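Computed from heavy atoms alone, side chains included, the values below leave out hydrogens, waters and symmetry copies. Remember, it's a predicted structure, so these values are computed and weren't measured experimentally.
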Amino acid sequence: MLILYETPAGYAVFKMTDEKKLKDVDNIYEHFSTASKAQSALELVSFKKFKTTAEAVEGATAIADGKLNKTLKKLLKSKVDASEKLAVGDSKLGALIKDQLELSCVNNAGVNELMRGIRLHIDSLLGEHKAELSAMNLALAHSLGRYKVKFNPEKIDTMIVQAVSLLDDLDKELNNYAMRLREWYGWHFPEIGKIVPDHQAFAKTVKLIGMRQKAINTDLSGVLPEELETRVKEEAEMSMGTDISPIDLIHIEELCDQVIELTQYRAQLSDYLKNRMSALAPNLTVLLGELVGARLISHAGSLVNLAKYPASTVQILGAEKALFRALKSKKDTPKYGLIYHAALVGQAPPKLKGKMARKLAAKVSLSTRIDALADDSQGATVGLESRALLEDQLRNEEERGPKRVSGTGHKQDKYQFKSETFEYDESADGVKKGKKHRLDDDEELPQKAKKIKLEEDEEEVEAPKSDKKKKKDKKVKKESEGEE
């Protein structure tokens, strides 16, 4: 019987000297207890080593994917006859060899124990190939590890996290630059700030006009509509701004270039983020949009981390400060976090926003798990179906209106006063009239009580006097002892 054993350095084929040893499964380990016993039980027939680390990785991944490597095929065709049995450690690999090479493969409990013994003494069994094995162990481990973590470049969520963070930073910087440009140029032409609200259009207009005196002869049709162009030219003639020097204008124009470039780059980055989100998380993008979805992924750290969160966490993700403040002060917890900026929550009326955020968070949690863990064959079908369902529910809720408070649906009958009246029956009382004057005989009782109360008050008044006397006596006694 021949035995196929895969090592990091290559494929080894051993021959079993005595096949009867495999029948006694419990005692196979005794035949491999030492290196000398293992060498006597097995004989190395052939060893086909890998030329490069890439070939070793290819062979390992091919077996994992259920395929036969070319190197292994050549080795088995040249060294194994169709009449001989081949012991294989993996049943799947045995099935592949049987189908493609028509060789009889064996895989049972005895073969598994045999492989365990070979693995224990592989260094001594390979002989002269021992050095190659130790060198390839580490190299193959590193290469195989890199191969396994090498995902599809389109599915790397790190790029999305960086892109959405850069987009937020660009918005801040662009806003600062645009405000500085408006304030700076406003000293020369203050009226244009209210006429042109868009930052990019404002920067282009300023760059074309330059000094406001040239505005009449400047063609602004490529930047502004006709109405705004006429208004800018009219205001430029009677502007109340101060004059600026040519050097000031040069720096203002450079700032205009910066604003225009940043705006154009922001548009390119937004398109890039949209394409990335459609490739990475299509269902999440359909439900929330690329910007809100990217912010959720960035806040969670990765798409897999977001998929691990329950729907309740996704709902308030981004409102952690408000949540802990509410828990500390024992007030109402927030209903939504970053998910508030989604279109479905924004479309809902104020009374239904919390309810819509809760339903949307449940669908988002399901969609992220499909995007992160399922294969690409699903596409965005789950997200589209969930969005359609949520839109229908929102439409139904708006048509139905707010629900009635519990109990208001039951109509109570109007109370009617009864015409019959009843008088109180004194005979039904348990106290008899004769016993009413029993205390009249003891009229002196209150006077006695008053006397007892007076005596108690006198004793309370006398008590502090006696205490004062005792203190005086003690004082006199101390003074007399001191004189002695």
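- Closest non-hydrogen pair, I316 versus P334, comes out as CG2-O, 3.5 Å.
- Between R231 and E234 there is no salt bridge, since no side-chain N of the basic residue sits under 4.0 Å from a carboxylate O of the acidic one.
- Side-chain contact between L103 and K98 is absent, with no heavy-atom pair separated by less than 4.5 Å.
- The line from CE of M356 to CD of Q393 is 6.5 Å long, rounded to the nearest 0.5 Å.
- Residue L181 holds its CG atom at 4.5 Å from SG of C256, rounded to the nearest 0.5 Å.
- D243 and R212 are joined by a salt bridge, as a carboxylate oxygen and a charged side-chain nitrogen come within less than 4.0 angstrom of each other.
- Of the N and O atoms on the side chains of T368 and D371, not one donor lies less than 3.5 Å from an acceptor on the other residue.
- Residues meeting the salt bridge (charged side-chain N to carboxylate O under 4.0 Å, His left out) test with D392, sequence neighbours left out: R395.
- Using a 3.5 Å distance cut-off with no hydrogens or angles, the side chains of S365 and R369 do pair a donor with an acceptor.
- Expressed to the nearest 0.5 Å, how far OG1 of T52 lies from CD of E58 amounts to 8.5 Å.
- Between M211 and P246, the shortest heavy-atom distance links the atoms CE-N, 4.1 Å.
- Between L287 and S367, the shortest heavy-atom contact is CD1-OG, 3.2 Å.
- The structure places CG of N217 at 11.5 Å from CD1 of I209, a figure rounded to the nearest 0.5 Å.
- In this structure, the ring of H199 has its center no less than 6.0 angstrom from the ring center of F202.
- Shown here is K353, whose NZ atom has more than 12 heavy atoms of other residues, nucleotides or ligands within 6.0 Å.
- S239 and E191 share a side-chain donor-acceptor pair at under 3.5 Å.
- Here the straight-line distance linking atom OG of S386 with atom CD of E391 works out to 11.0 Å at 0.5 Å rounding.
- In this structure, L288 and L338 have side chains that are not in contact, with every pair of non-hydrogen atoms separated by 4.5 Å or more.
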Could you walk me through whether Q315 and R358 pass the side chain to side chain contact (heavy atoms under 4.5 Å, CB included) check?
-> CA-CA 6 Å; Q315 183 180 350; R358 186 172 65 252; 3.9 Å; yes
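- At a threshold of 4.5 Å between non-hydrogen side-chain atoms, the residues F47 and V13 do not count as touching.
- Between R295 and D168 there is a salt bridge, with a side-chain nitrogen of the basic residue lying less than 4.0 Å from a carboxylate oxygen of the acidic one.
- If you check the side chains of E55 and T71, you find a donor sitting under 3.5 Å from an acceptor.
- Residues passing the salt bridge (charged side-chain N to carboxylate O under 4.0 Å, His left out) test with D169: none are found, sequence neighbours excluded.
- When ring centroids are compared, F50 and Y11 come within the 6.0 Å threshold.
- Here the OG atom belonging to S104 is positioned 10.5 Å from the CD1 atom belonging to I97, to the nearest 0.5 angstrom.
- Classification of the Y340-Y336 ring pair by plane angle, with boundaries at 30° and 60°, yields tilted.
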